[in-house]
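Worksheet: one structure, shown below.
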Amino acid sequence: MSSDGWPAWCTNVVIATARYPGRGGVESVVSNLVPMFRSAGAQVQVISVFPGVGSPQTQTTTLFGRRPHLHERSITGSRRIALNSLRSLPLLVIKRWDILTGRRRLRRLFTSLPHGTLIIATGPNVAHHLPVRMINAQPDRFMLAVQFHIPFETQLNVEGEDLPRSRSLSPDAFVAVNRSDAELFSDALGVECIAIPNPIASPALVPAEPPRDRGAHAGRSTVVSLSRLSGEKQLDRMMQSFLRATEPEHLRHWRLDIYGEGDERLHLEEWIAQTPGATDRIRLMGWTDQREAVLSAAALLLSTSRFESFGMNVLEAAQHGTPTLAFACSPGITDLTRDLGGVLVDPDDDDAFVARLRQLLSAPEELDRMGRESRTRCEPYTAASVVQRWSRLVRRIGAARDGAEGVR
């Protein structure tokens, strides 16, 4: 077996995440990781802190399945119980009982796991739900990798400059999903943070020539967005920019279809209804389980987020030959869009976004060329490539621990 092959002594992978299965970006990543590690020969389980949506593809343990609302928010608003908060005591007791029950459930699970188990937590907050002391006390049995799925600056705002929650975990490895954030986390934490990107879904690549007319983007006059309908996605800016870009008569046939759900839906519906020209050219499509069909039929993907850790929609679009125009809002979206041959615009420059969008929609041949090129750049993000990176990390952890014993 090559040095990049999955080590036979790592027989189990446990992925701990906030929700699984689900419709968000991290949930999609977990759904891609499960078959990836299975294909490498490992048994895969998932720990979901809160209930997911849909049917899981693998054995899943949910911590707070009965009363998730009690654990997603503070009951009293502070750690101390004021006199006027005595009515919250029953809820606090129930919440504490759920926590103790969840911990016992996890301890039973971890007691049953074999030696050489890799545990991947999709964030420091998720890792804090795990029996970290138990894991760290048995380094011959468990390996813990903590991922950062949000940009460095966002994590810094959550934790503070010394990233106290992350530091307290003492994992075997920190992992970021892009190179730039990995360097920033390494400097802030004082330990190396490894860059391992998220994988695209299997099959790793679509056929060399997808079943659609690749010769003319003029026949496909749809621009799409696939994202949660929430404030940080800045979809109102996207819609306004799209209307401005398609003001010329020869571009009025273009349509913007926005796929997703979220708490901004009502605001976006009102914006479309009240904005001249919007109802004819912009549609809110709701959630779709047919992402492949949507992306294959689109000419261009738009992203106007304030921040993105990785941008799975950008990667999925490239997989299906659809290029991206995005705000260069964070290292995750910047590195990925650039690597996949997309177009980046300063996040504070709406005029530049409009100009580039208008230019792209006016040049279907250029969109077609960009789409073909984006597909050729997906190889580093295939399951085969990403599992090699995880294999190297697992072997590195094993060598650092007990290589002198010749066990591995």
Side-chain angles (χ1 to χ4, degrees), residues 18 22-29 122-123 147-158 176-181 184 197-198 200 223-245 256-265 267-268 271-272 282-288 291 294-295 298 300-319 322-357 360 374 381:
R23 296 173 171 177
V26 177
E27 294 93 323
S28 296
V29 170
T122 60
Q147 291 181 303
F148 292 104
H149 275 281
I150 61 176
F152 173 77
E153 293 296 337
T154 305
Q155 190 71 32
L156 203 64
N157 291 336
V158 172
V177 293
N178 64 78
R179 299 182 301 272
S180 299
D181 275 331
L184 293 169
N198 296 324
I200 51 181
V223 176
V224 297
S225 166
L226 288 85
S227 68
R228 187 171 56 256
L229 307 187
S230 54
E232 76 274 9
K233 303 301 182 181
Q234 303 189 116
L235 294 173
D236 48 358
R237 289 181 69 187
M238 178 189 295
M239 295 189 300
Q240 182 65 57
S241 294
F242 177 81
L243 288 181
R244 290 176 58 197
L256 170 61
D257 287 346
I258 299 174
Y259 291 86
E261 291 291 353
D263 55 14
E264 287 279 297
R265 184 178 182 92
H267 163 68
L268 298 176
W271 191 96
I272 293 173
I282 301 175
R283 297 187 297 178
L284 298 182
M285 306 298 289
W287 176 257
T288 179
R291 297 170 72 90
V294 168
L295 291 169
L300 183 67
L301 177 81
L302 300 183
S303 175
T304 51
S305 294
R306 280 200 299 269
F307 62 86
E308 289 282 354
S309 62
F310 187 73
M312 280 299 295
N313 55 349
V314 176
L315 181 54
E316 291 169 345
Q319 181 185 10
T322 301
T324 293
L325 170 62
F327 281 144
C329 60
S330 60
I333 198 75
T334 300
D335 289 354
L336 186 63
T337 304
R338 183 182 293 119
D339 286 352
L340 295 173
V343 177
L344 292 165
V345 174
D346 189 294
D348 296 321
D349 195 341
D350 286 356
D351 289 341
F353 192 90
V354 170
R356 290 296 278 132
L357 178 56
L360 290 169
S374 68
Y381 304 96

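Quick caveat: nothing in here was measured; it's all calculated off a predicted structure.
- The ring-ring contact (aromatic ring centres under 6.0 Å, His included) test applied to Phe148 returns Phe174, Phe185, not counting sequence neighbours.
- Remark: Arg283 engages Asp257, Met285 in a side-chain contact (heavy atoms from CB on, under 4.5 Å) (not counting sequence neighbours).
- Under the 4.5 Å side-chain criterion, counting only non-hydrogen atoms from C-beta, Phe310 is in contact with Pro197.
- Residues passing the side chain to side chain donor-acceptor pair (under 3.5 Å) test with Glu308, sequence neighbours excluded: Lys233, Ser305.
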Query raised in the report: Could you walk me through whether Leu235 and Trp271 pass the side chain to side chain contact (heavy atoms under 4.5 Å, CB included) check?
Result: CA-CA 10 Å; Leu235 294 173; Trp271 191 96; over 6 Å; no
Requested in this report: Show the numbers, then the answer: is there a side chain to side chain contact (heavy atoms under 4.5 Å, CB included) between Leu301 and Leu226?
Outcome: CA-CA 8 Å; Leu301 177 81; Leu226 288 85; 3.9 Å; yes
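- Across every non-hydrogen atom of Leu315 and Asn198, the tightest pair is CD2-O, 3.8 Å.
- Ala318 is linked by a side-chain contact (heavy atoms from CB on, under 4.5 Å) to Leu340, Ser374, Cys378, counting only residues two or more places apart in sequence or in another chain.
- Residues meeting the salt bridge (Lys or Arg N to Asp or Glu O under 4.0 Å) test with Arg23, sequence neighbours left out: none.
- Although no hydrogens or angles enter the test, the distance criterion places a donor-acceptor pair under 3.5 Å between the side chain of Thr304 and the main chain of Gln234.
- Here Glu153 pairs with nothing under the salt bridge (Lys or Arg N to Asp or Glu O under 4.0 Å) rule; sequence neighbours left out.
- Using modelled atom types and a 3.5 Å distance limit, the side chains of Asp335 and Ser180 yield a donor-acceptor pair.
- Of all heavy-atom pairs between Gly231 and Glu264, the closest is N-CG, 3.5 Å.
- With sequence neighbours excluded, the residues forming a ring-ring contact (aromatic ring centres under 6.0 Å, His included) with Phe353 are Phe327, listed by chain and number.
- When all heavy atoms of Ile333 and Gly311 are compared, the closest pair comes out as CD1-CA, 4.2 Å.
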Report task. Apply side chain to side chain contact (heavy atoms under 4.5 Å, CB included) to Tyr381 and Leu336, showing your working. Result -> CA-CA 10 Å; Tyr381 304 96; Leu336 186 63; 3.5 Å; yes
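- The shortest distance between side-chain heavy atoms of Pro347 and Arg306 does not fall below 4.5 Å.
- Rounded to the nearest 0.5 angstrom, Arg265 CZ and Ile258 CD1 are separated by 10.0 Å.
- When all heavy atoms are compared, the tightest approach of Leu357 to Ser241 is CD2-O, 4.2 Å.
- With sequence neighbours excluded, the residues that form a salt bridge (Lys or Arg N to Asp or Glu O under 4.0 Å) with Asp351 are Arg244.
- Glu27 meets the salt bridge (Lys or Arg N to Asp or Glu O under 4.0 Å) test with no other residue; sequence neighbours excluded.
- In this structure, Gln147 CD and Thr122 OG1 are separated by 6.5 Å, a value rounded to the nearest 0.5 Å.
- Residues forming a side chain to side chain donor-acceptor pair (under 3.5 Å) with Asp181 (at least two apart in sequence, or on another chain): Asn178.
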Report task. Any chance you could lay out the side chain to side chain contact (heavy atoms under 4.5 Å, CB included) test for Leu284 and Ile272, step after step, and finish with the verdict? Result -> CA-CA 9 Å; Leu284 298 182; Ile272 293 173; 3.8 Å; yes
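- Here CG of Leu268 is found 6.0 Å from CG of Leu229. Values are rounded to the nearest 0.5 Å.
- Separation of atoms CG (Leu300) and CG (Leu295) is listed at 11.0 Å; rounding is to 0.5 Å.
- With sequence neighbours excluded, no residue forms a side-chain contact (heavy atoms from CB on, under 4.5 Å) with Asn157.
- Here the CG atom belonging to Asn313 is positioned 11.0 Å from the CZ atom belonging to Arg228, to the nearest 0.5 angstrom.
- Residues satisfying the side-chain contact (heavy atoms from CB on, under 4.5 Å) test with Ala352, not counting sequence neighbours, are Val345, Asp349.
- Distance OG1/Thr334 to CZ/Arg179: 11.0 Å, rounded to 0.5 Å.
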